[in-house]
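Below is one structure, written out as structure tokens, with a few remarks after it.
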Amino acid sequence: MPRLNINGIELEVEPGTTVLEAARFLGIPIPTLCHDDGLTPYGACRLCLVEAGPPPRSKLQSACTLVVDDRLVVKTHSARVERARQLLLELYVATCPQSKTIQDLASRYGLRRVRLEPEFEDCIQCGKCVRMCREQMMAGAIGFAYRGPRRKVMSPFRPQSDLCRQCGACLYICPVVELDPAMCFLDPGVACELAGPLRQDLVCPSEKPKQSPK
Amino acid sequence: MPKLQSVEELEALRTACRERRDPQRPCLTLCAGSGCTASGAHDVLRALRRAVERQGLQEAVEVKSTGCHGFCAKGPVMIVWPEGIFYNRVTPPDAADIVASISNGRRPVERLLYRDPVTGERVLREDEVPFYRRQRRILFANNGRIDPKQIEDYLRVGGYTALRRVLAALTPEQVVEGVKRSGLRGRGGAGFPTGVKWEVIRQQKATPKYIICNADEGDPGAFMDRSLLEGNPHSVLEGMMIGAYALGVGKGFIYVRAEYPLAVQHLRVAIAQAEEYGLLGDNILGSGLSFRVRLVQGAGAFVCGEETALIASVEGRVGEPQPRPPFPAEKGLWGKPTVINNVKTWASVPVIVNRGADWYTSIGTERSKGTMVFSLVGKINNTGLVEVPMGITLREMIYGIGGGIPNGNQLKAVQIGGPSGGCIPASLIDLPTDYEELTQAGSMMGSGGMVVMDETTCMVDVARYFMEFLEEESCGKCFPCRKGTQRLRQILTRISQGQGSEDDLQLLDDMSWMMRETSLCGLGQTAANPVLTTLRYFRDEYLAHVREKRCPAKVCRELITYSIEPTLCDGCHACVRVCTTDAILGEKKEAHTIDTGKCIKCGACLEVCQPQAVLVS
Amino acid sequence: MSETLNLDEFLRDWPERAENLIPVLQEIQAQFHYLPEPVLREAAQRLDVPLTEVFHVATFYNCFSLEPVGRHLVQICLGTACHVRGAPRVLDRLLRELNLGAPGTTRDYEFTVRTVRCVGCCGLAPVVRVNNTTHPHLTQTKVRSLLKKYGPEEKAPAAG
């Protein structure tokens with residue numbers, strides 16, 4: 001049974017256990033955005049980073065994808081981890097200031113200032129909707145498309161997919177948009193756009209909320 | 001051609017090939033790599049063949065096209081064997097004279113000989129040309145001698161001797177031990193000790209295991225792998241075969257980027273010929289080793305140079321990297337142990353087997369052994385490919401081999417390692433090129449791209465350029481890279497437009513640190529290197545942009561003005577003809593002026609102005 | 001150009017497995033110069049790959065295009081060596097000469113301009129590739145004459 005040392009606590013875990021699972025078991029809080037227990041780990045939001053490995057060669061790695069190797073040493077709240085989290089959250093708030101989830105994370109981790117211009121994106125590409133649609137709802141109507149700055153979630157070729165059963169699971173699981181599931185009959189893109197202006201709480205007071213640039 | 005069944009048959013074939021060709025018979029080898037082809041090599045080839053025919057010398061003289069000789073600045077280049085006479089800038093009309101000189105007591109055609117820019121003297125042989133003389137060509141030794149589409153040529157120069165040695169006399173463990181002892185480090189960029197990687201694979205229990213040759217070479221400015229694949233594809237195959245033997249692998253893949261059609265073509269021919277001779281397939285040379293190689297073409301994505309993204313691409317998926325661990329050596333292609341090495345790394349293996357690990361360690365520095373192939377490009381006189389021992393200084397590279405900066409300009413910086421690397425300032429010109437030294441200076445060896453910059457290059461613009469590239473090429477999966485590259489590019493653009501502030505510099509620093517620490521893969525982790533190194537070594541240039549709204553190199557368009565010096569202008573009207581916005585006014589024979597309201601600062605007028613009356617301030 | 005083509009021709013060399021998606025798309029792209037929607041749908045079915053995956057692959061890689069391209073593909077290299085030797089200005093000039101705001105296809109489908117990152121001819125920067133011919137040492141002033149070489153008055157190259 002692999003042994004994990006997390007923040008100085010020694011723990012034996014079942015093979016295949018991730019650091020995130022072990023941390024949760026011990027009640028150690030690690031923030032996540034793209035993780036959900038019912039979906040395969042994705043490792044894209046980078047919020048769950050922990051410092052893993054022996055210094056000076058330790059690296060920040062995502063806890064949700066890091067499977068415990070025997071004698072793995074992990075720190076969840078080192079100075080490096082905290083600084084990384086702060087800067088990541090600063091970028092998250094600047095990207096998506098209208099999201100309550102992100103605002104809550106920011107205030108929980110003591111983010112004081114955002115030096116970047118706000119962007120009001122509807123989507124942080126955590127991929128939960130895609131994985132939900134494919135893995136839990138077995139529909140596979142939406143997926144990622146394009147690459148880099150043009151990457152987005154969509155259904156192939158046109159907004160409405162004939163594989164979409166309008167179950168609303170994508171809207172339910174989205175950490176950015178909070179909507180009444182009754183709105184699920186709308187195309188995914190439209191629903192997110194409506195949610196934008198509804199969010200009024202801002203950390204950076206310089207800008208009024210405006211329609212997100214498309 | 002019946003398959004070779006044993007190492008003895010291989011050697012017999014080699015002897016037969018050597019006997020078939022008289023080494024004294026004149027042979028004209030012309031470089032037909034992508035570079036020289038673009039410079040018209042194929043026309044020269046045709047002209048040479050015609051000239052040979054016309055002078056009735058078909059039996060006496062051989063004309064051969066080879067892979068890249070490396071001296072692209074002087075292309076098309078060719079060598080007359082057996083003397084080794086080196087001709088540069090050959091054009092079709094020269095063909096008759098060249099062929100005639102063969103029968104005329106082999107007197108060389110003077111005007112085509114390389115002229116040393118310092119002494120003014122003409123030089124006869126390739127090894128006398130300063131560009132080549134100071135190189136140590138091990139991997140590229142045969143590029144100028146063989147036709148890459150003829151396996152017999154490769155055999156003649158000793159190809160597949162290493163394979164024979166390995167199959168006949170070494171155990172797999174001994175091969176791995178030898179590679180470890182040689183100190184060979186991955187030439188793809190990271191410089192991980194190859195022998196160690198191989199050992200990890202050997203220890204894996206899962207099967208089947210795979211071998212991949214990473215020929216994606218996405219770094220803009222790098223074309224070493226291309227030249228090696230075009231010019232000596234068998235050397236790479238031989239390395240892979242040896243690896244297959246050492247690691248118990250039955251299937252290998254070569255992942256070549258789509259932008260290299262000639263390399264793909266030559267590889268296909270090489271693989272087919274190797275199969276024909278039984279060097280690939282089942283029971284190679286009767287040794288019991290079975291190994292097959294498949295060519296996979298990239299589809300245009302820089303990120304696919306990253307190991308896990310490359311694997312995803314081979315599996316038919318998008319090139320989105322996976323977090324590591326697990327490393328490909330444990331869980332790679334289809335979840336199986338996979339060894340991925342760069343083209344130059346594979347090509348180094350036969351050399352090490354043939355000449356010994358100890359010989360290899362005698363070249364290079366303490367921790368960086370062997371030779372490195374650099375593509376020396378940018379603001380440099382002798383652009384081309386250069387193979388040198390590890391540890392050679394930048395000064396030697398740029399002035400000794402590169403011939404210095406054109407137009408008498410000053411060296412400003414050298415960008416090494418592509419978009420993941422960094423800019424080394426001229427003040428560090430005596431830095432030895434070795435993995436650790438470069439990393440300490442903030443750069444990276446990378447795959448060996450070396451772009452030389454002079455005072456007409458703006459370092460803020462360079463940082464912005466790289467960030468633009470990385471933003472486009474980012475796979476977009478993880479947040480810090482996708483958004484980080486975008487934001488950094490935006491900030492750098494603002495600075496280049498004179499709208500930046502000193503706070504922006506701190507922001508650049510912080511965001512760069514974040515990207516390095518939190519990105520999922522190497523692309524994101526090293527994306528900020530160009531920014532970090534330019535901030536470190538050229539901070540004054542950034543400050544000029546943000547404090548004085550001035551671009552010292554006169555590159556950033558928002559910060560410069562074009563004007564015409566009336567005392568120098570002769571009214572020739574050349575500029576008016578090329579200006580697409582009608583921004584230049586003036587009658588013929590009278591001094592012209594530029595309407596700065598309409599001027600878009602494209603620089604076309606600067607290009608054509610003979611009296612150099614166009615000023616940029 | 002028929003869009004209701006039979007995929008059998010392209011699948012002849014490739015077993016119908018998910019891992020062969022990219023080579024199959026590459027052959028289709030080479031033949032038609034783009035990837036028509038019905039073809040992608042059929043490929044998804046025949047290779048047993050979810051359509052969302054196929055669509056992601058088709059939009060992820062630079063070599064693939066969902067839109068038809070012009071008769072002449074003009075690829076300008078924006079690699080580091082070319083950049084340092086003035087490639088962005090050549091690109092600007094190219095776009096202006098063809099009345100394009102950004103890299104794309106001209107309205108008459110004569111030219112498609114694309115940026116590439118490094119064709120590996122860095123010693124000859126700046127480099128522009130038109131169809132299969134590489135043109136070295138491009139400068140702004142040479143752009144117009146280069147385009148004229150491929151103008152509609154010239155004899156058209158073999159289609160496809």
Side-chain angles (χ1 to χ4, degrees), chain A residues 18 33-34 41-53 58-69 72 78 80-81 83-92 94-96 102 113-117 119 121 123-127 130 143-153, chain B residues 299-304 308-309 317-327 330-331 467-491 494 501 503-504 506-521 523-525 527:
Chain A
T18 64
L33 262 178
C34 73
Y42 195 46
C45 74
R46 317 308 288 165
L47 270 182
C48 67
L49 292 175
V50 294
E51 190 167 348
S58 57
K59 278 174 66 165
L60 296 186
Q61 308 209 7
S62 44
C64 63
T65 56
L66 186 56
V67 172
V68 176
D69 214 6
L72 179 66
S78 68
R80 208 167 140 199
V81 171
R83 182 169 180 221
R85 244 181 235 150
Q86 286 283 302
L87 289 168
L88 269 174
L89 283 171
E90 187 177 352
L91 189 52
Y92 269 110
T95 307
C96 217
I102 288 176
R113 54 161 190 180
V114 178
R115 298 165 290 175
L116 299 160
E117 298 273 307
E119 241 189 327
E121 296 259 319
C123 176
I124 52 165
Q125 296 192 23
C126 65
V130 173
F144 282 108
Y146 299 95
R147 186 190 71 212
R150 280 188 282 274
R151 187 177 189 256
K152 58 187 193 168
V153 175
Chain B
F302 171 76
V303 68
C304 285
T308 59
R317 300 183 288 116
V318 291
E320 283 179 356
Q322 303 286 348
R324 298 182 306 170
F327 290 90
E330 305 161 53
K331 273 206 172 76
M467 205 45 70
E468 213 173 62
F469 172 80
L470 290 164
E471 184 193 358
E472 267 273 327
E473 294 292 335
S474 165
C475 78
K477 175 173 170 181
C478 80
F479 186 76
C481 175
R482 186 180 76 248
K483 279 297 163 190
T485 53
Q486 188 177 33
R487 291 290 188 157
L488 285 181
R489 192 256 312 152
Q490 283 171 350
I491 296 172
R494 267 191 307 113
S501 68
D503 292 335
D504 283 334
Q506 182 60 47
L507 196 50
L508 283 177
D509 228 9
D510 286 346
M511 286 294 134
S512 297
W513 182 89
M514 180 206 64
M515 285 183 66
R516 196 172 66 210
E517 292 285 322
T518 67
S519 295
L520 192 153
C521 83
L523 190 152
Q525 286 156 8

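All chains are named by letter (A, B, ...) in the order of the sequence lines, taking the proteins before the strands, and each is independently numbered beginning at 1.
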Please identify each residue that fulfils salt bridge (charged side-chain N to carboxylate O under 4.0 Å, His left out) with B/Asp510, with sequence neighbours left out. A/Arg83, A/Arg115
For residues B/Pro480 and A/Ala44, report the shortest heavy-atom separation together with the two atoms involved. CD-O, 4.4 Å
Side chain / backbone / both / neither for A/Gln61 at chain B, heavy atoms under 4.5 Å: side chain
Taken to the nearest 0.5 Å, the spacing of B/Arg324 CZ from A/Lys59 NZ works out to 6.5 Å
How far does CZ of B/Phe479 sit from CG of A/Leu33, to the nearest 0.5 angstrom? 8.5 Å
How long is the gap from CG on A/Leu87 to CE on B/Met515, to the nearest 0.5 Å? 12.0 Å
Can you find a heavy atom in the side chain of B/Glu473 that is under 4.5 Å from one in the side chain of A/Arg147? yes
Output for pair (B/Glu517 CD, A/Arg85 CZ), nearest 0.5 Å, gives 13.5 Å
CZ on A/Arg150 to CD on B/Glu472, rounded to 0.5 Å: 5.0 Å
Side chains of A/Glu117 and B/Arg487, heavy atoms from C-beta outward: is any pair under 4.5 Å? yes
Under 4.5 Å to a heavy atom of chain B? For A/Tyr42 that would be both
Which region of A/Leu91, side chain (C-beta onward) or backbone (N, CA, C, O), has a non-hydrogen atom less than 4.5 Å from a non-hydrogen atom of chain B, or is it both or neither? both
Could you work out, with side chain to side chain donor-acceptor pair (under 3.5 Å) as the rule, every residue matching B/Lys483, not counting sequence neighbours? A/Glu119, B/Gln486
Please give me the minimum heavy-atom distance between B/Glu471 and A/Pro149, naming the atom from each residue. O-CD, 2.9 Å
Looking at OG1 of A/Thr65 and CG of B/Leu520, how far apart are the two atoms once the value is rounded to the nearest 0.5 Å? 7.0 Å
Ion pair B/Glu320/A/Arg151, N-O distance below 4.0 Å: yes
